[in-house]
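Working notes, beginning with the structure itself.
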Amino acid sequence: MADKEYKIRFKIETGKAEAGLDKVKNKANQTGVAAGGAGAAGATGFAAFRTAIMSTIPALNALKIALISTGVGAIAVALGGVVALFVSAANKAKEFESAVASLRAISGGTTEELELLTEQAKELGSTTIFTASQVIALQTELAKLGFSAGEIANSTPAILDMAAALDTSLAEAASFAGSTLRAFQLDTTETQKVVDIMARSAVTSAQDFNTLRESFTNVAPAAKAVGISIEETAALLGIMADQGIKGGRAGTSLSRAFIEMNKKGLDFRETLDNIVASSDPLGTAIEAAGTVGGRSLLLLAQKKDSIDELSEAFENASNTASGLGAAADLA
C-alpha cells in the first residue's frame, strides 16, 4: 500500500481555543467510527489517521495553554505600559509646575505674564526637540538677567534655535544670548539676528559655542564702546579664530586693542590702514594698541580685505533660502 501524507491545518482563535480543540477530538473519534465500517485496508488507513490526530491533541493543548498565557502576559504588559505612561505624565506635570513656580519667584511677573510664558513654553515644548519644562528653565535664565516677560517671549524661540544649532544647554544659550544683547544694547526683538550671527560664525570659522561665548563675553563691551557692531565684531573674531587665536584669548586681545586705541583717540579702520602701509607693521601695531592688543591688530591688518566681506555675511545671516535664519537652518 502506498504511503499517503495527510496535512492538517488547525486555526485557533483567542478565546475559542478550548472549544476548537474539543471539536478536533470529536472529529477524530468520528473518523475512527467511520473507519470501522470500511475494508481492512481502509480501516487500517483511517486508524492510522485517527492515531495521528489523537497524538497531536496533547501538543495542541499545550499550544492552547501557551496562547492563553501569552494573551494574559500581553495584556499585563499593555496595562503596565499604560500605568507607566500615566506615571510619567504625572511626573512631567509636577516637573512643569515646579519650573513655573521657579519662574514666578524669579521674574515676579503678574498672572497674565506668567500665563503668556507658560503657554509659549507649552507650544514650543510640543513643536521643538525641547520639553515645556526645559523652555520654562530657559525663560527663567532670562528672567535672572532682568528680562521682562515681553522680552523673554521675544527671545525664547530664537535661543532654542541657537541651543539646538550649537549643541549646548538652554541655560548656557540663554545666558550667552542675553548677555550679548545687553552688551551691544540691542532690543530683544533682535535676538534672532544675534543667534543667526553666532550660528553663521560656527559654520564659517573655526569656532564652536564655547569659543564664541568666551570671545564675545570678553570683547563685547569694549566693541560697543568704540562703535564696532556685533556683525563686525563677529567678523574680526572669525578671522582671528581661523589664524589660531580664539576663545577668551581672542576676546581679551581684541578688547585690549579697542581700549588702547580709544585712549589714544585712534580710529580702528584707519589704524589697520596705517599698519598695512607701515615699514614696521609690528611696531606700528604695538604702538597703537600695546603688546597684547597690537598682535591682534597686526593679524587683522593682514586680513583687512576679508573684514568687510565677513561683516556683510553676518549682516545677512538671517536671510537664508529657507527664510528661517542661519540658526534654525543649522538646528
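Side-chain contact between P281 and V276 is absent, with no heavy-atom pair separated by less than 4.5 Å. L142 is listed as a side-chain neighbour of I159, based on a closest heavy-atom distance under 4.5 Å. At least one side-chain heavy atom of N210 sits less than 4.5 Å from a side-chain heavy atom of R213. Residues M198 and T180 form a side-chain contact, since some pair of their non-hydrogen atoms from C-beta on lies under 4.5 Å apart. For the pair T233/F184, a side-chain contact is recorded, criterion being any heavy-atom separation below 4.5 Å from C-beta on. Inter-residue side-chain proximity for V226 and F268 is flagged as unmet; no heavy-atom pair is nearer than 4.5 Å. A heavy-atom distance below 4.5 Å is not found between the side chains of I152 and T140. Annotation: side chain of Q139 is not in contact with side chain of Q134 (no heavy-atom distance under 4.5 Å).
For the pair R182 and E151, the salt-bridge criterion is met [side-chain N within less than 4.0 Å of a carboxylate O].
No path of Ile, Leu, Val, Met, Phe, Trp and Tyr side chains, each step under 4.5 Å between heavy atoms, connects L237 with V292, placing them in separate hydrophobic clusters. A continuous path of hydrophobic side-chain contacts links L282 to L272 [ILVMFWY only; heavy atoms under 4.5 Å]. In terms of hydrophobic clustering, with Ile, Leu, Val, Met, Phe, Trp and Tyr side chains grouped at heavy-atom distances under 4.5 Å, L117 and I106 are assigned to different clusters. When the side chains of ILVMFWY residues are joined at heavy-atom separations under 4.5 Å, either directly or via intervening members, F130 and L324 end up in two distinct hydrophobic clusters. Note on V219 and L186: same hydrophobic cluster, where clusters join Ile, Leu, Val, Met, Phe, Trp and Tyr whose side-chain heavy atoms are under 4.5 Å apart, directly or indirectly.
E115 CD to T110 OG1: the interatomic distance, rounded to the nearest 0.5 Å, is 9.5 Å. Interatomic distance, L266 CG to T271 OG1, rounded to the nearest 0.5 Å: 4.5 Å. Atom OG of S296 is separated from atom CD1 of I239 by 11.5 Å, given to the nearest 0.5 angstrom. The distance from atom CG of L297 to atom CG of L254, rounded to the nearest 0.5 Å, is 7.5 Å. The distance from the CD1 atom of I197 to the OG atom of S229 is 7.5 Å, given to the nearest 0.5 Å. Taken from OG in S133 to CG in L103, the straight-line distance is 11.5 Å, to the nearest 0.5 Å.
Of all heavy-atom pairs between I129 and A164, the closest is CD1-CB, 4.1 Å. Among all heavy-atom pairs drawn from I307 and A235, the shortest one is O-CB, 3.9 Å. Nearest heavy atoms, T291 versus I286: N-CG2, 4.0 Å. Across G109 and E113, no two heavy atoms sit closer than the pair CA-OE1, 3.1 Å. Residues A301 and I275 approach most closely at CB-CG2, 3.6 Å, considering heavy atoms. The two residues L170 and L160 make their nearest non-hydrogen contact at CD2-CD2, 3.5 Å.
Scanning for side chain to side chain donor-acceptor pair (under 3.5 Å) contacts around D273 gives K304, with sequence neighbours left out. Considering only residues two or more places apart in sequence or on other chains, F209 meets the ring-ring contact (aromatic ring centres under 6.0 Å, His included) condition with F176. By the side chain to side chain donor-acceptor pair (under 3.5 Å) test, E315 pairs with no residue at all, sequence neighbours left out.
Between the side chains of Q192 and D196, at least one donor N or O sits under 3.5 Å from an acceptor N or O. Side-chain contact check for D329 and T320: at least one donor-acceptor pair (N or O, by modelled atom type) lies under 3.5 Å. Using modelled atom types and a 3.5 Å distance limit, the side chains of N218 and S255 yield no donor-acceptor pair. Side-chain contact check for D280 and S278: no donor-acceptor pair (N or O, by modelled atom type) lies under 3.5 Å.
Looking at S253, its side chain never comes within 3.5 Å of a backbone N or O of A250 through a donor-acceptor pair. In terms of modelled atom types and a separation under 3.5 Å, the side chain of Q120 and the main chain of A153 share a donor-acceptor contact. Using modelled atom types, no side-chain atom of T211 and backbone atom of Q207 make a donor-acceptor pair closer than 3.5 Å. Looking only at distances, a side-chain donor or acceptor of T204 sits under 3.5 Å from a matching main-chain atom of R200. Judged by distance alone, the side chain of N319 and the main-chain N or O of G325 form no donor-acceptor pair under 3.5 Å. Side-chain atoms of N316 come within 3.5 Å of backbone atoms of E312 as a donor-acceptor pair (strictly under, hydrogens ignored).
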Worksheet item: So L181 and F147, side chain to side chain contact (heavy atoms under 4.5 Å, CB included) or not? Walk me through it.
Response: CA-CA 11 Å; L181 285 167; F147 281 45; 4.2 Å; yes

Item to complete: Using the side chain to side chain contact (heavy atoms under 4.5 Å, CB included) rule, take L114 and S107 through it: C-alpha gap first, then chi angles, then the decisive distance, then the call.
Response: CA-CA 9 Å; L114 284 170; S107 69; 4.2 Å; yes

Fill in: Full working for side chain to side chain contact (heavy atoms under 4.5 Å, CB included) between F216 and V194
CA-CA 11 Å; F216 266 94; V194 171; over 6 Å; no

Discussion item. For R249 and E214: C-alpha separation, side-chain torsions, deciding distance, then whether salt bridge (Lys or Arg N to Asp or Glu O under 4.0 Å) applies.
Written reply: CA-CA 8 Å; R249 182 184 171 200; E214 291 170 2; over 6 Å; no

Fill in: Pair E309-K303, salt bridge (Lys or Arg N to Asp or Glu O under 4.0 Å): steps then yes or no
CA-CA 11 Å; E309 181 181 345; K303 299 290 182 179; over 6 Å; no

Practice prompt. Please lay out, stage by stage, how S175 and E172 fare under the test side chain to side chain contact (heavy atoms under 4.5 Å, CB included).
Written response: CA-CA 5 Å; S175 177; E172 290 179 323; 5.8 Å; no

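The 12-atom threshold is not exceeded at CD of E287, counting heavy atoms of other residues, nucleotides or ligands nearer than 6.0 Å.
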